Amino acid sequence: MKIFIDTANLDEIRKANEWGVIDGVTTNPSLVAKEQRDFKELVREIVSIVDGPISVEVISTDSEGMVEEALDMSNWSENIVVKIPMISEGLKAVKILNKKGVKTNVTLVFSVNQALLAAKAGATYVSPFIGRLDDIGHDGMQIIHDLVQIYKLYDFKTEIIVASIRHPLHVIESAKTGAHVATIPFGVIEKMFKHPLTDIGLEKFLKDWQKVVE
Ligand code: E4P
């Protein structure tokens, strides 16, 4: 499973990239807004740090506007993946962009049917938001299980990005489903490193080593 970092914060992206564990980045308008930077400049910096797919989202809600924005963004770097919202105008845009060779990530997906339509339209990636589903008492991960099975059955090339991940257990569950990608907030990646026995063990090794040196 590939790991993307779900942030537009350059410090977080740099740190995670140096750890050598990330394959790409996903952003969204809310994450970008937090950074209070010029959008294009910010994306250019992200692209210069991570050598992998970088998802950036359109703001238009009509297919023409989305295609126009997407064509512009896709010129910024060959690693740009354009996020398109899961609405009928969005899928129209995905179909057009697919023919033009622009990679897309259909976002704000909350059901298996939506993801099925996105794959039919030719989306490169689809992003079901599992955490937001869990938040309203639905089982977000069930959608990922179903989708992995359905995409395999019909040999869809669309890759599943498990999005809206809230905690390390979501990452383990994602990996168990066979999803292609998990996009993970920085804080959750940090938590994935941690185990108290690692810290206790390291402390003891270093203490014991002192006896060798003395
Ligand atoms: C995915 O691409 C989105 O940016 C993200 O995962 C949304 O997560 P949230 O529900 O924590 O905002």
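As the structure lists them, so they are numbered: ligands from 1, and atoms in each ligand from 1. These numbers come from a predicted model, not from an experiment.
- In the hydrophobic cluster analysis, where Ile, Leu, Val, Met, Phe, Trp and Tyr join through side-chain heavy atoms closer than 4.5 angstrom, Val106 is grouped together with Met66.
- Every atom of ligand 1 is numbered from 1 in the order shown, and the set under 4.0 Å from a heavy atom of Ala163 is 1 (C), 6 (O).
- When only interatomic distances are considered, the shortest N/O to N/O separation between Ser164 and ligand 1 falls below 3.5 Å.
- Of the protein's heavy atoms, Phe129 CE2, 3.6 Å lies nearest to atom 7 (C) of ligand 1.
- In terms of protein heavy atoms, atom 2 (O) of ligand 1 is closest to Lys83 NZ, 2.6 Å.
- Polar contact with ligand 1: absent for Thr183 (N/O pair, distance under 3.5 Å).
- A salt bridge links Glu159 and Lys2; the closest N-O separation between the charged side-chain nitrogens and carboxylate oxygens is under 4.0 Å.
- Considering backbone and side-chain N/O of Thr107, none are found under 3.5 Å from N/O of ligand 1.
- Both Val56 and Val67 sit in one connected hydrophobic cluster of ILVMFWY residues. Membership requires side-chain heavy atoms under 4.5 Å apart, directly or through other members.
- Counting protein heavy atoms only, atom 11 (O) of ligand 1 is closest to Arg166 NH1, 2.8 Å.
- The pair Lys194-Asp199 fails the salt-bridge criterion, with no side-chain N (NZ, NE, NH1 or NH2) lying under 4.0 Å from an Asp/Glu carboxylate O.
- Annotation: atom 4 (O) of ligand 1 to nearest protein heavy atom, Asn28 ND2, 2.7 Å.
- Inspection of the Ser55 and Thr26 side chains reveals no N or O donor paired with an N or O acceptor under 3.5 Å.
- Considering only non-hydrogen protein atoms, atom 5 (C) of ligand 1 sits nearest to Asp6 OD2, 2.9 Å.
- Of the protein's heavy atoms, Arg132 NH2, 2.8 Å lies nearest to atom 12 (O) of ligand 1.
- Taking a cutoff of 4.0 Å between a charged side-chain nitrogen and a carboxylate oxygen, Arg14 and Glu45 qualify as a salt bridge.
- A salt bridge is absent between Arg132 and Asp135; no separation between the charged side-chain nitrogens and carboxylate oxygens falls under 4.0 Å.
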